[in-house]
Amino acid sequence: QVQLVESGGGLVQAGGSLRLSCAASGSIFRINTMGWYRQPPAKQRELVATITSGGSTNYVDSAKGRFTISRDNAKNTVYLQMNSLKPEDTAVYYCNADITTRDSYFMNYWGKGTLVTVSS
C-alpha cells in the first residue's frame with residue numbers, strides 16, 4: 001500500500017532555512033501532482049505549493065520568492081526548500097500526492113505531517 005513520509009521539519013529562527021522531504025513508497029505505477037500543505041495553529045489547512053509530473057509549479061502568494069518545490073521522480077520524492085522563514089510560516093506541513101497503483105487510479109494520499117516552528 002502507498003505511504004507518504006515527511007521529514008526535515010524542526011525549529012529555526014526567523015530568516016533561516018529548512019528543506020522538507022516527502023518520500024512515497026508502495027506499489028506505485030505513476031505519481032501525478034505532488035504538493036505541500038500546511039496547517040498553522042488554530043487555522044485551516046492551506047495549499048503551499050504543488051508540482052506536476054511535468055514540472056509545472058504553483059505557490060501560495062505568501063511563499064512566492066521564498067519557497068521552492070521540486071521532485072525526484074526516480075526516488076518518488078518531493079521537496080520543499082524554505083528560505084527566509086517567518087514566524088507566520090509556523091505550521092504542520094503535510095505532503096500530498098495523486099498516485100496510480102495496481103488497484104486504484106490517481107487516488108489522493110496524505111502524509112502524517114512534520115512540524116515547522118519559526119521563532120522570532
Enquirer: Under 3.5 Å, is there a donor-acceptor pair linking the side chains of R71 and N73?
Expert: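 Judged by distance alone, the side chains do pair up.
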Enquirer: Does any part of the side chain of T90, heavy atoms only, come nearer than 4.5 Å to the side chain of V116, both counted from C-beta?
Expert: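 Result no, sub-4.5 Å side-chain heavy-atom pair not found.
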Enquirer: If you measure from CD1 on I31 to CG on N76, what distance do you get to the nearest 0.5 Å?
Expert: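 Taking CD1 in I31 and CG in N76, the distance rounds to 4.0 Å.
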Enquirer: Applying side-chain contact (heavy atoms from CB on, under 4.5 Å) to V48 and L80, what does each step give before you reach the verdict?
Expert: CA-CA 9 Å; V48 179; L80 185 67; 4.3 Å; yes
Enquirer: Of all the heavy-atom pairs spanning Y94 and G111, show the shortest one and how long it is.
Expert: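 Heavy-atom minimum between the residues: CD2-O, 3.6 Å.
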Enquirer: Measure the OG1-CZ distance between T33 and F106 for me, rounded to the nearest 0.5 Å.
Expert: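 Answer rounded to 0.5 Å: 8.0 Å.
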Enquirer: Are side-chain heavy atoms of E46 and Y37 found at a separation under 4.5 Å?
Expert: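 A side-chain contact is absent here, since even the closest heavy-atom pair is not under 4.5 Å.
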Enquirer: Just by distance, do the side chain of T50 and the backbone of M34 share a donor-acceptor pair under 3.5 Å?
Expert: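 Looks like no, no N/O pair under 3.5 Å.
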Enquirer: Under the criterion side-chain contact (heavy atoms from CB on, under 4.5 Å), I'd like the reasoning laid out for Y59 against I69: C-alpha separation, chi angles, the key distance, then a yes or no.
Expert: CA-CA 9 Å; Y59 299 90; I69 188 170; 3.5 Å; yes
Enquirer: Ignoring hydrogens and geometry, is there a side-chain-to-backbone donor-acceptor pair from N96 to Y109 under 3.5 Å?
Expert: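 Side chain of N96 to backbone of Y109: a pair is present.
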Enquirer: May I ask you to check whether S17 and N83 show a side-chain donor-acceptor distance below 3.5 Å?
Expert: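 Yes.
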Enquirer: Might you work through the side-chain contact (heavy atoms from CB on, under 4.5 Å) test for I99 and L4, ending with a clear yes or no?
Expert: CA-CA 11 Å; I99 300 175; L4 302 179; 4.2 Å; yes
Enquirer: CG/L18 to CG/D89 distance, rounded to the nearest 0.5 angstrom?
Expert: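 If I round to the nearest 0.5 Å, the distance is 10.0 Å.
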Enquirer: Rounded to the nearest 0.5 Å, how far apart are CZ of F29 and CZ of R102?
Expert: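 Between F29 CZ and R102 CZ, I get 13.0 Å after rounding to 0.5 Å.
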Enquirer: Quick one: does any side-chain atom of T77 pair with a main-chain N or O of K75 as donor and acceptor, under 3.5 Å?
Expert: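 Checked: pair present.
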Enquirer: List the steps, then state whether side-chain contact (heavy atoms from CB on, under 4.5 Å) holds for R30 with Y105.
Expert: CA-CA 9 Å; R30 177 177 292 180; Y105 179 76; over 6 Å; no
Enquirer: At what distance, to the nearest 0.5 angstrom, does CG of N32 lie from OG1 of T100?
Expert: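 Rounded to the nearest 0.5 Å, the CG-OG1 separation comes to 7.5 Å.
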Enquirer: Would you check if the side chain of E6 reaches a backbone N or O of G113 as a donor-acceptor pair within less than 3.5 Å?
Expert: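 Yes.
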Enquirer: Work out which heavy atom in R66 is nearest to a heavy atom in S62; give both atom names and the distance.
Expert: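 Minimum heavy-atom contact is NH2-O, 2.8 Å.
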Enquirer: Answer yes or no: is there a donor N or O on one side and an acceptor on the other, between the side chain of S104 and the main chain of M107, under 3.5 Å?
Expert: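 It does not hold such a pair.
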Enquirer: Would V2 and V78 show up in the same hydrophobic cluster when neighbours are defined by side-chain heavy atoms closer than 4.5 Å?
Expert: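 V2 and V78: one cluster.
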Enquirer: Minimum heavy-atom separation for L47 and V60, please, with both atom names.
Expert: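 For L47 versus V60, the nearest heavy atoms are O-CB, 3.4 Å.
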Enquirer: Nearest 0.5 Å please: distance from the OG atom of S120 over to the NZ atom of K86.
Expert: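 The OG atom of S120 sits 14.0 Å away from the NZ atom of K86.
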Enquirer: Run the ring-centre check on W36 versus F67 and record whether the distance is less than 6.0 Å.
Expert: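 For W36 and F67, the ring centres are not under 6.0 Å apart.
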Enquirer: Salt bridge check, K64 against D61: does any charged N sit closer than 4.0 Å to a carboxylate O?
Expert: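 Counted as a salt bridge, because a side-chain N and a carboxylate O are separated by less than 4.0 Å.
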Enquirer: Give a yes or no on whether the backbone of L11 and the side-chain of T117 come within a donor-acceptor separation of less than 3.5 Å.
Expert: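 Checked: no pair found.
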Enquirer: Distance alone, cut at 3.5 Å: any donor-acceptor contact between the side chains of R38 and Y93?
Expert: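 There is such a pair between these side chains.
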